[in-house]
Number of protein chains: 2
Amino acid sequence: MGRWEPDAGGRLARAALELYAERGYEQTTVAEIAQRAGVTERTFFRHYADKREVLFGASDEMYEVLASAVGAAPPAATPLRALTAGLVALAGIFAEQHEHARQRQAVIAANASLRERELTKLAAMATALADALRRRGVADPAATLAAEAGIATFKVGFELWLAGPEEADVTQVVREALDELGGVFARG
Amino acid sequence: MGRWEPDAGGRLARAALELYAERGYEQTTVAEIAQRAGVTERTFFRHYADKREVLFGASDEMYEVLASAVGAAPPAATPLRALTAGLVALAGIFAEQHEHARQRQAVIAANASLRERELTKLAAMATALADALRRRGVADPAATLAAEAGIATFKVGFELWLAGPEEADVTQVVREALDELGGVFARG
DNA sequence: GCGACTGATGTCAGTCAGTGTCATCAACGT
DNA sequence: ACGTTGATGACACTGACTGACATCAGTCGC
């Protein structure tokens with residue numbers, strides 16, 4: 001057994017989400033989060049670069065899921081199909097987590113600087129997606145454009161899913177959003 | 001004559017860009033910006049909400065140009081054409097400002113929190129664009145999707161323009177980026 | 001003219017996010 | 001035993017940002 005309770009990072013993340021939801025992001029101090037997690041303020045900053053980052057710990061996993069799904073698409077698949085496979089896999093992470101995702105998103109939506117950080121994470125995902133497409137041989141600027149548009153579409157689809165019933169299939173909602181965007185460009 | 005030198009906001013904006021370019025965003029304190037502009041630190045925060053915002057003062061004008069150009073497109077124009085008109089008008093703001101835009105973009109690119117703020121501004125532009133499309137009768141989610149994809153495309157086009165020669169036509173580069181994205185979806 | 005009012009600024013004290021540095025001490029390997 | 005490692009605590013410090021109140025040129029009504 002260690003000298004301290006294990007999983008300080010996890011405890012901090014849970015404490016932060018709770019407090020942000022209870023009293024709001026700005027009304028919560030890092031000292032309070034640390035106290036609820038049973039560590040000092042200094043330890044908070046050893047686990048998370050700043051007060052916002054504590055809500056986005058799972059991002060790295062998401063980049064990997066996205067990139068590997070794009071890479072795993074059949075070699076003959078078109079860029080659009082590979083992109084779709086990636087976004088569907090990404091959406092899969094959230095399946096069965098409708099309620100948790102909704103609470104987290106509500107916290108983020110309630111604060112400008114958290115929304116700002118979320119945009120940064122989405123932009124990083126677009127970069128990861130563009131890289132994965134280039135690895136498949138898609139040239140620029142098509143790769144970058146497709147990635148940016150794809151992530152934007154994911155965002156829209158994800159929000160639709162959150163706003164809808166719990167039974168809805170995230171992956172299906174994302175597929176439909178991509179089809180819809182295809183329609184805008186196909187019909188001119 | 002007033003009690004103080006006029007245009008404190010403009011002086012602060014110029015001082016900030018200079019200092020951020022000279023020594024970097026993080027190495028510049030608000031007190032230094034205020035001093036160069038001949039005001040106190042408190043006055044800086046009366047003109048700009050935070051240390052980042054001082055670089056983005058022109059954003060409101062951009063939302064208006066974008067929205068009114070979309071609204072001014074012929075009633076019979078397709079959503080894609082109206083969207084294109086809006087983005088081309090937006091790009092027009094930067095014409096003849098290649099060098100200034102490049103310096104500003106270099107400052108932003110050099111710092112994570114400035115990039116973060118820029119993403120927020122782009123997201124606000126996507127919202128303004130989606131609103132303008134809806135006012136033309138474009139339904140959701142197509143309006144939101146087209147707006148998100150359109151702004152993402154603008155971003156890509158704008159960066160291509162900045163990276164290219166000064167003589168290049170911003171509006172033309174943006175048109176080409178939109179065509180390219182159309183190709184991705186048309187060819188599937 | 002003159003007093004009330006306005007608006008931009010200065011002054012000052014305070015909170016809190018984030019960082020650098022050194023000390024502590026269980027666990028682990030040798 | 002003994003040195004090393006790694007996560008944490010303790011503590012001082014900088015700088016972004018806020019709230020409250022004071023100041024005073026210009027303006028307006030009379």
Side-chain angles (χ1 to χ4, degrees), chain A residues 1-57 107-108 110-118 120-121, chain B residues 1-57 107-108 110-118 120-121:
Chain A
M1 191 180 69
R3 187 175 168 191
W4 298 276
E5 288 295 306
D7 193 25
R11 264 158 36 226
L12 284 164
R14 284 186 291 277
L17 180 60
E18 286 169 17
L19 287 167
Y20 293 171
E22 283 171 18
R23 67 180 77 164
Y25 171 79
E26 285 180 354
Q27 285 65 49
T28 303
T29 68
V30 172
E32 290 166 343
I33 299 169
Q35 187 180 15
R36 183 171 292 202
V39 296
T40 62
E41 193 176 343
R42 190 66 185 86
T43 291
F44 177 95
F45 290 109
R46 289 198 176 98
H47 286 267
Y48 301 101
D50 60 48
K51 193 184 164 187
R52 295 168 283 291
E53 196 65 16
V54 68
L55 285 186
F56 299 91
V107 167
I108 292 170
N111 180 268
S113 67
L114 290 175
R115 291 196 300 272
E116 206 162 54
R117 176 56 52 84
E118 190 184 32
T120 295
K121 296 301 182 179
Chain B
M1 191 179 73
R3 186 172 168 190
W4 296 277
E5 289 294 306
D7 193 25
R11 273 170 13 239
L12 283 164
R14 285 186 291 276
L17 181 58
E18 286 170 18
L19 286 166
Y20 293 170
E22 283 171 19
R23 67 180 76 163
Y25 171 79
E26 285 181 354
Q27 284 65 49
T28 302
T29 69
V30 172
E32 290 165 343
I33 299 169
Q35 186 180 16
R36 183 172 291 203
V39 296
T40 63
E41 192 176 345
R42 191 67 183 85
T43 291
F44 177 95
F45 289 109
R46 289 198 176 98
H47 284 267
Y48 300 102
D50 59 49
K51 193 184 165 187
R52 295 168 284 288
E53 197 64 18
V54 68
L55 285 186
F56 298 91
V107 167
I108 293 170
N111 179 269
S113 66
L114 289 175
R115 291 196 299 271
E116 206 161 55
R117 176 56 52 86
E118 189 183 32
T120 296
K121 296 300 182 181

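We name chains A, B, ... by the order of the sequence lines, and we start the count at 1 in each one.
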Could you state the CD1-C1' distance from B:Ile33 to D:dG15, rounded to the nearest angstrom? 12 Å
Scan nucleotides 14-17 of chain C against the protein and return all N/O pairs shorter than 3.5 Å with their distances rounded to 0.1 Å.
residue : atom : partner : partner atom : Å
C:dA17  : OP1  : A:Lys51 : NZ           : 3.4
C:dA17  : OP2  : A:Val30 : N            : 3.4

Where the side chain of B:Thr43 is defined as all heavy atoms beyond and including C-beta, which of C:dT9, C:dT21, D:dG6 is the nearest nucleotide? C:dT9
To the nearest Å, how far apart are A:Arg117 CZ and C:dG18 C1'? 13 Å
Between C:dG7 atom P and B:Arg42 atom CZ, what is the distance in whole Å? 17 Å
Side-chain contact, heavy-atom cut-off 4.5 Å: A:Val54 with A:Tyr20? yes
With sequence neighbours left out, what residues match A:Ala49 under side-chain contact (heavy atoms from CB on, under 4.5 Å)? none
Using atom CG of B:Leu12 as one end and atom C1' of D:dC17 as the other, report the distance to the nearest whole Å. 15 Å
Would you kindly give the CH2-to-P distance between A:Trp4 and D:dA10, to the nearest whole Å? 11 Å
B:His47 has an atom NE2; how far is it from atom P of C:dA8, in whole Å? 8 Å
Below 3.5 Å, does any donor atom in the side chain of A:Arg46 face an acceptor in the base of C:dG18, or the other way round? no
Salt-bridge criterion met for B:Glu18 and B:Arg36 (N-O under 4.0 Å): yes
How many whole angstroms separate atom CD of B:Glu5 from atom C1' of C:dG10? 16 Å
So, for B:Leu114 and B:Phe56, which heavy atoms are closest and what is the spacing to 0.1 Å? O-CZ, 3.9 Å
Any salt bridge linking B:Glu53 with B:Lys121? Criterion: basic side-chain nitrogen under 4.0 Å from a carboxylate oxygen. yes
When rounded to whole Å, the CD to P distance for the pair B:Gln35 and D:dA16 reads 14 Å
Residues B:Tyr25, B:Leu19; criterion side-chain contact (heavy atoms from CB on, under 4.5 Å); working and verdict: CA-CA 8 Å; B:Tyr25 171 79; B:Leu19 286 166; over 6 Å; no
